[in-house]
Amino acid sequence: MQKEYENKTTRVAVIGTGFVGSSYAFALINQNVADEMVLIDLNKKKAEGDAMDLNHGLPFGSPMKIWAGDYTDCKEADIVVITAGANQKPGETRLDLIEKNAAIFKSIVDEVMNSGFNGIFIVATNPVDILSYATWKFSGLPMERVIGSGTILDSARFRFLLSDYLNLDVRNIHAYILGEHGDTELPVWSQARVGLEPLARYIEKYKPEATQEDLDQIFVNVRDAAYDIIERKGATHYAIALGLIRLTKAILRNENSILTVSTLLKGEYGLEDLYIGVPAVVNKHGIERVVEIDLNDEEKKQLVASAETLKKAMKPVHEIAAVK
Ligand SMILES: NC(=O)c1ccc[n+]([C@@H]2O[C@H](COP(=O)([O-])OP(=O)(O)OC[C@H]3O[C@@H](n4cnc5c(N)ncnc54)[C@H](O)[C@@H]3O)[C@@H](O)[C@H]2O)c1
């Protein structure tokens with residue numbers, strides 16, 4: 001039986017305190033959502049330094065227990081967030097990271113499970129869809145308790161760029177990116193909404209000067225955002241950290257939030273046996289349900305193509321899982 005969070009000490013374990021993990025840890029101390037946070041990294045000194053630095057900020061925030069620990073500390077964790085592993089070098093795709101990171105994941109997930117962990121995994125390491133599937137396979141946990149960050153960040157980027165283009169509050173833009181968190185992802189233009197208006201109708205009424213080229217470019221900027229940021233500063237980490245916080249809160253506060261995460265499909269969207277970014281309801285159980293939104297024919301085709309790319313790239317995971 002999974003633990004209930006009410007009236008208990010909540011613990012988050014962060015595995016990998018590089019750019020993404022440490023940004024997430026910093027954001028978490030500002031959110032008053034967990035009581036304890038343990039930082040685990042192959043580079044123990046980095047985790048220790050981060051724990052010291054974060055602890056020194058506590059007088060300015062909310063009480064929390066933070067320490068650099070090891071895998072035994074995962075036993076009591078409600079959520080293990082994995083951000084460990086190689087990141088993209090300039091020009092490298094996310095799928096290029098599969099060989100390196102699948103092997104790392106086998107050892108990490110085994111260690112976490114050996115601790116007696118009985119909570120929810122959130123996976124952010126790339127290629128996130130494939131490593132979420134790997135975490136599900138390696139851990140033996142029910143699929144609802146292994147969640148990948150999926151296209152949570154891509155949808156946020158999409159919403160931001162649309163809001164910027166339309167000069168509107170980003171919170172009034174409702175639009176999803178689905179599919180692989182990577183080069184084959186797709187924008188769901190057919191369902192994008194501004195307030196309650198369909199996006200196309202809003203543009204027709206209030207931004208008639210908008211062009212198809214502008215909209216196409218917005219998607220290209222979403223899809224290629226990681227390349228553009230990595231070229232400038234070597235890593236992307238703040239926005240994904242906030243996306244991971246959003247997921248953490250949805251779980252610990254039992255929010256029943258609809259978020260575009262990577263989850264196992266079992267026939268939804270006509271797809272099965274893969275993790276891929278789709279909207280899903282997230283609460284204290286993890287994934288409560290996948291939400292199947294209507295896609296037009298072109299979007300359906302793009303989603304199937306994205307799924308095929310992921311399935312082809314999954315070979316190293318199947319090989320490692322077979323050795324088990
Ligand atoms: N899902 C997303 O939207 C998204 C966004 C940005 C980055 N990422 C991914 O997050 C991952 C981390 O990126 P980063 O920029 O923080 O990288 P980084 O190199 O800064 O940090 C990685 C950390 O993992 C640690 N590590 C490596 N192997 C380990 C192991 N076996 N056990 C424990 N710790 C280990 C390293 O010591 C390092 O501190 C990358 O795969 C990156 O592509 C995902």
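Heads up: numbering here begins at 1 and tracks the sequence. No experiment lies behind these values; they were computed from the predicted model shown. Order of appearance sets the numbers: ligands from 1, and atoms from 1 within every ligand.
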Quiz item: Residues two or more places apart in sequence or in another chain: which of them pass salt bridge (charged side-chain N to carboxylate O under 4.0 Å, His left out) with Asp169?
Solution: Arg171

Quiz prompt | Residue pair Ile29 / Met37: nearest heavy atoms and the distance that separates them | solution = CG2-CE, 3.8 Å

Practice problem: Return the set of residues passing salt bridge (charged side-chain N to carboxylate O under 4.0 Å, His left out) with Arg157 (not counting sequence neighbours), or none when no residue passes. | Solution: none

Quiz item: Can you pull the ring pair (Phe, Tyr, Trp, His ring centres under 6.0 Å) pairs that have at least one residue in residues 186-214, sequence neighbours excluded?
Solution: Phe158-Trp189, Tyr202-Tyr206

Quiz item: According to a 4.5 Å side-chain heavy-atom criterion applied to Ile, Leu, Val, Met, Phe, Trp and Tyr, with indirect links allowed, do Val291 and Leu303 form part of one hydrophobic cluster?
Solution: yes

Could you go through ligand 1 and list every pair where one of its N or O atoms sits under 3.5 Å from a protein N or O, giving the atom names and the distance to one decimal?
residue	atom	partner	partner atom	Å
ligand 1	1 (N)	Ala124	O	2.9
ligand 1	1 (N)	Ser149	OG	3.0
ligand 1	3 (O)	His181	NE2	3.1
ligand 1	8 (N)	Asn126	ND2	3.4
ligand 1	15 (O)	Asn87	ND2	2.9
ligand 1	16 (O)	Phe19	N	3.0
ligand 1	16 (O)	Val20	N	2.8
ligand 1	17 (O)	Asn87	ND2	3.4
ligand 1	20 (O)	Phe19	N	2.9
ligand 1	24 (O)	Gly85	N	3.2
ligand 1	34 (N)	Leu42	N	3.2
ligand 1	37 (O)	Asp41	OD1	2.5
ligand 1	39 (O)	Asp41	OD1	3.4
ligand 1	39 (O)	Asp41	OD2	2.6
ligand 1	41 (O)	Ala86	O	2.7
ligand 1	41 (O)	Asn126	N	3.1
ligand 1	43 (O)	Asn126	ND2	2.9

Practice problem: Report yes or no: is the cationic atom of Lys207 (NZ for Lys, CZ for Arg) closer than 6.0 Å to the six-membered ring centre of Tyr165, at no more than 45° off its axis? | Solution: yes

